[in-house]
Amino acid sequence: MAAQACDRSADGARDTWQEFLRRWRRTTATDRGGLLVVIDGINQRPDKDWPRILDYVANELRELGGHLVVTTRTAYYELHVRPRLPDPVEELQIPEWTEAERDSILSGHAVELGALRGAHDVDSRVADALCNPRLLGIALRLLRGRSVAHIGELSISHLLFEHIRVTERENRTPEPVHETVQRLRAHATHILERVQSGRIADAAVFDSVEQIADGRFWVPLENDRTRYRLADDAMILALGFTVVDRLRAARRQTQTLVAVLDTLLEPILALDDTARAISAALTCACLDGTTTDDIRSALVYGFVHLQNPSVDNLAPTAALARVHPSPFMDAARRLCLDGWNQPNVDWLEHALLGAITTGTARHDVERELRQWLSLYATGKEEGGEAPADAGTADSNRSATPSAALGVGEVEILARMQPTCGDLDELARLAFVLLSRRPRRPFVKEIVSWSVGYMVHMTNLLAYQTLGHLLTFNTIDWYETRSELLRELTVLRRSDTSSTGRWALVMLLDATGHVDDAAQAETQRRALSSRRARNWRLVEDYCASDPCNPRSRRPTNMAATVQRYRDLDVATVRGQPFATAQDHFFEEARLGVARFALPIAVAKHRQLADNVVEREGRAFRLGILALLPHTALLRRRTVKRVVEYAGAAAAADSESGEEPGDGHRWAFAQRRLLVAFPHLSGNAQVSALLATVKHSDVLRSLLKVMNPIDRRLLEDHLRKVSRREALGNLYALLVYARSSGSR
């Protein structure tokens, strides 16, 4: 009391208070003022013998006419203090803030309450936690310090992590943060070990009661005061600490972090809180300055691959990109090169769009974007060799494509780096992120990327996105165009190759200026006139237009018909890439059908007979080739297709595979689509029930369904209902509606 109440030395203050209390005892009760002694938070020093101390202080105060007020957490009081108090006490439960009080406090600090009351803006657990005075104070400090942009970016894990740090700073006898983390991590380790051994029930329950003095992380069981459990939110934070710790160990052992993370998630999956655990781990990794970026990147990569994370986890996790953008950019780069086809890539794109508009993170994001735009393709998959069936398109690619380029283009490629993977998707994301920033500082990188793109051009996705980026630039269009025209002088040299000139055409088209478009058109015509020959072969097969009723049989038709008659149908539509036989089959068809129809019909029927005897991928590709020409199929071919569809569906059921999985469902339905136009309504229903067991019905099938007799339909419904085959029942109802059966 003396030390807390006086600024004097401890000895002098103690003497003063002792004299004050002696004089107090000598006065009469009516002359005394009220003496109130408050001992706040006795649970923060759980090693003291508080029942004995409180009894002594209360007796002394009673003689002085004073009162003792003690504050503590309920769990600690009921277990360690109340049973040993000799005298009755008056207990007063202090509730947390009500929702109205919480909202009033937040409004007083200019916090927008719309997100708090929205259905999907703030996690309901966060809204409830903000009724706690300590956590509400932490939230307000984070908002004032711009650690989070708005209240919707708060997460329970973030609040609890800050709570640990605040407790270390403010408690008179603090527990260091690392000790609290170690205790939580030890509990999480025990929980995961129990889950892995099959003890999921009571996995978070422990026998010792030493921990419950805290009350925030460890709470006693309601029906057993000798045991406690790890609170649900605390368990998620503890799992986050554990995941980060094990990734650190894996990094020390030079293991692949993503593979280690997949292994770590297996027992967490049984707890059904994988997304929250990964989000907590990423929160801990980003808030803890000792964690390296490769660990953070692995966690971002793992979060993107999760299936259906709760919307409550997305905004708080995305906000971390403004704290440490580099690992988010690294994960995005890897995902783009892999094809950008994971479940939550849109969330990652949203996170990076937020980071590039934040001053502290913007420079890191822009630095990474410059590196992205300085990459060009080698034609190999990342981490491996070029695929064997890549076709002729990849045969022209190499890691050193500068042999036929001009001096200016070689200089550009010299400042770029070769890599492999889906660079088109990487460039598309880079251009999307740049849409929030001035373009002029990136003109040099854009020119470099354009040359690299033309050297190994794949698809038009990034090309179109670049056009949007430059044409619809509302930030610095004039400055960007001027800088771009200056940079393009390197591609206007006399020794510039056709590749460089096509890059020039692309960039001039992208500015949106009429003069630039005119120059691009001039360059385009000059380049087109240099082509050595026309690769169009249709006229070589049929010199006249077969679609013109006035056309006469051309002189070159006899050779085409003979070649068409001799074509081996086993070589048609059996490979994932188009062969020379495929091109001939497609391009010569019209002429042969016009001037030698029996030959064309016979060849297509030969192809159909060959396709139904194929297996695996060759069969699936052949079925796709038959779809536009089903009118030519003979009855025996249709019967074989239906039998194949039923057998494939039965094999899927026996192996546990559902026809709705991946491409299997689509090809099973397309087999039926080939046969359905030739089948009666009853035959269609039988084929449909034999094929569709667990999945939906292809929309194209609905257009070729024939009505069946009502009695037959009811008979099928009764049989399916007895078997409780819900997939078949659904297919029947769809059939009845689409075919108009009554």
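All residue numbers refer to positions in the sequence shown, counting from 1. Given the structure is predicted, the values throughout are model-derived calculations rather than measurements.
Remark: the backbone N or O of Arg185 is not paired with any side-chain donor or acceptor of Asp245 at under 3.5 angstrom. A distance-only check finds no donor-acceptor pair linking the side chain of Ser104 to the backbone of Ala100 [under 3.5 Å]. In this structure, the side chain of Asp422 engages the main chain of Glu425 through a donor-acceptor pair within 3.5 Å. Side-chain N or O atoms of His109 include none that pairs as donor or acceptor with a backbone N or O of Val111 at under 3.5 Å. Without hydrogens or angle criteria, Glu101 side chain to Trp97 main chain gives no donor-acceptor distance under 3.5 Å. Under a 3.5 Å cut-off, the side chain of Glu60 and the backbone N or O of Val57 do not form any donor-acceptor pair. Remark: side-chain polar atoms of Ser155 are paired, donor with acceptor, to backbone N or O of His158 under 3.5 angstrom.
Using a 4.5 Å heavy-atom cutoff, the side chains of Ile39 and Trp50 are in contact. Leu265 has its side chain within reach of Ile268: a pair of non-hydrogen atoms, C-beta onward, lies under 4.5 Å apart. Using a 4.5 Å cut-off on side-chain heavy atoms (C-beta onward), Ile151 and Leu130 make contact. Thr71 places none of its side-chain heavy atoms less than 4.5 Å from the side chain of Ile94. When side chains are defined from C-beta on, Leu426 does not count as touching Phe431, because their heavy atoms never get closer than 4.5 Å. Contact of the Pro309 side chain with the Leu314 side chain is registered, since non-hydrogen atoms from C-beta on lie closer than 4.5 Å. Using a 4.5 Å heavy-atom cutoff, the side chains of Ile156 and Leu237 are not in contact. Counting only heavy atoms from C-beta outward, the side chains of Thr72 and Val81 never approach each other to under 4.5 Å.
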Please test Thr242 against Leu264 for side-chain contact (heavy atoms from CB on, under 4.5 Å), starting from the C-alpha separation and ending with a verdict.
CA-CA 9 Å; Thr242 302; Leu264 290 176; over 6 Å; no
Verdict with supporting geometry, Asp40 and Val70, side-chain contact (heavy atoms from CB on, under 4.5 Å):
CA-CA 6 Å; Asp40 183 32; Val70 180; over 6 Å; no
Show the numbers, then the answer: is there a salt bridge (charged side-chain N to carboxylate O under 4.0 Å, His left out) between Arg276 and Asp233?
CA-CA 9 Å; Arg276 291 181 64 202; Asp233 293 329; 2.8 Å; yes
side-chain contact (heavy atoms from CB on, under 4.5 Å) between Asp293 and Asp330, intermediate numbers included
CA-CA 9 Å; Asp293 276 350; Asp330 180 69; over 6 Å; no
What verdict does the side-chain contact (heavy atoms from CB on, under 4.5 Å) test give for Leu160 and Ile164, after you've listed the backbone C-alpha separation in whole Å, the side-chain angles of each residue and the deciding distance to 0.1 Å?
CA-CA 6 Å; Leu160 293 181; Ile164 295 174; 5.7 Å; no
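If you check the side chains of Thr291 and Arg296, you find no donor sitting under 3.5 Å from an acceptor. Remark: the Thr292 side chain and the Arg248 side chain contain no N/O donor-acceptor pair separated by less than 3.5 Å. Checked by atom type, the side-chain pair Ser279/Thr317 shows a donor-acceptor distance below 3.5 Å.
Once rounded to the nearest 0.5 Å, the distance linking CZ of Arg102 with CG of Asp128 reads 7.0 Å. Rounding to the nearest 0.5 Å gives a distance of 10.5 Å between CZ of Phe328 and CZ of Arg322. To the nearest 0.5 Å, the span separating NE2 on His350 from CG on Asn344 amounts to 13.0 Å. Between the CD1 atom in Ile138 and the CZ atom in Phe161 there is a gap of 11.5 Å [rounded to 0.5 Å]. If you take CG on Leu261 and CD on Glu266, they are separated by 11.0 Å, rounding to the nearest 0.5 Å. Between the CD1 atom of Ile356 and the CG atom of Leu352 there is a distance of 8.5 Å, given to the nearest 0.5 Å.
In terms of heavy atoms, Ala275 sits closest to Phe303 at O-CE1, 3.9 Å. The nearest pair of heavy atoms linking Met235 to Leu230 is CA-CD2, 3.5 Å. The two atoms that bring Trp340 and Arg428 nearest to each other are NE1-NH2, 3.3 Å, heavy atoms only. Of all heavy-atom pairs spanning Ser157 and Ala280, the tightest one is OG-CB, 3.2 Å. Among all heavy-atom pairs drawn from Lys48 and Ile53, the shortest one is CB-CD1, 4.3 Å. The nearest pair of heavy atoms linking Leu154 to Pro316 is O-CG, 3.4 Å.
For Glu96, the side-chain contact (heavy atoms from CB on, under 4.5 Å) partners two or more places apart in sequence, or in a different chain, are Cys131, Asn132. Applying the side-chain contact (heavy atoms from CB on, under 4.5 Å) rule to Asp49 yields the partners Pro51, Arg52, Arg84; only residues at least two apart in sequence or on another chain are considered. Considering only residues two or more places apart in sequence or on other chains, Tyr301 meets the ring pair (Phe, Tyr, Trp, His ring centres under 6.0 Å) condition with His305. By the ring pair (Phe, Tyr, Trp, His ring centres under 6.0 Å) test, His324 is found to be paired with no residue, residues two or more places apart in sequence or in another chain being considered. With sequence neighbours left out, Gln196 forms a side-chain contact (heavy atoms from CB on, under 4.5 Å) with Pro267. When the side-chain contact (heavy atoms from CB on, under 4.5 Å) test is applied to Ala259, the partners found at least two apart in sequence or on another chain are Thr256.
The local environment of CD in Glu99 is sparse, with at most 12 non-hydrogen atoms from other residues, nucleotides or ligands closer than 6.0 Å.
Of the charged side-chain nitrogens involved, none lies within less than 4.0 Å of a carboxylate oxygen, so that Arg199 and Glu193 do not count as a salt-bridged pair. Salt bridge annotation for Arg333-Glu368: absent, with no cationic side-chain nitrogen under 4.0 angstrom from a carboxylate oxygen. Salt bridge Arg134/Glu162: absent, no basic N to carboxylate O contact under 4.0 Å.
Only one option out of Arg252, Arg251, Arg334 pairs with Asp294 in a salt bridge (charged side-chain N to carboxylate O under 4.0 Å, His left out); it is Arg251.
In this structure, His187 has its ring center closer than 6.0 angstrom to the ring center of Tyr228.
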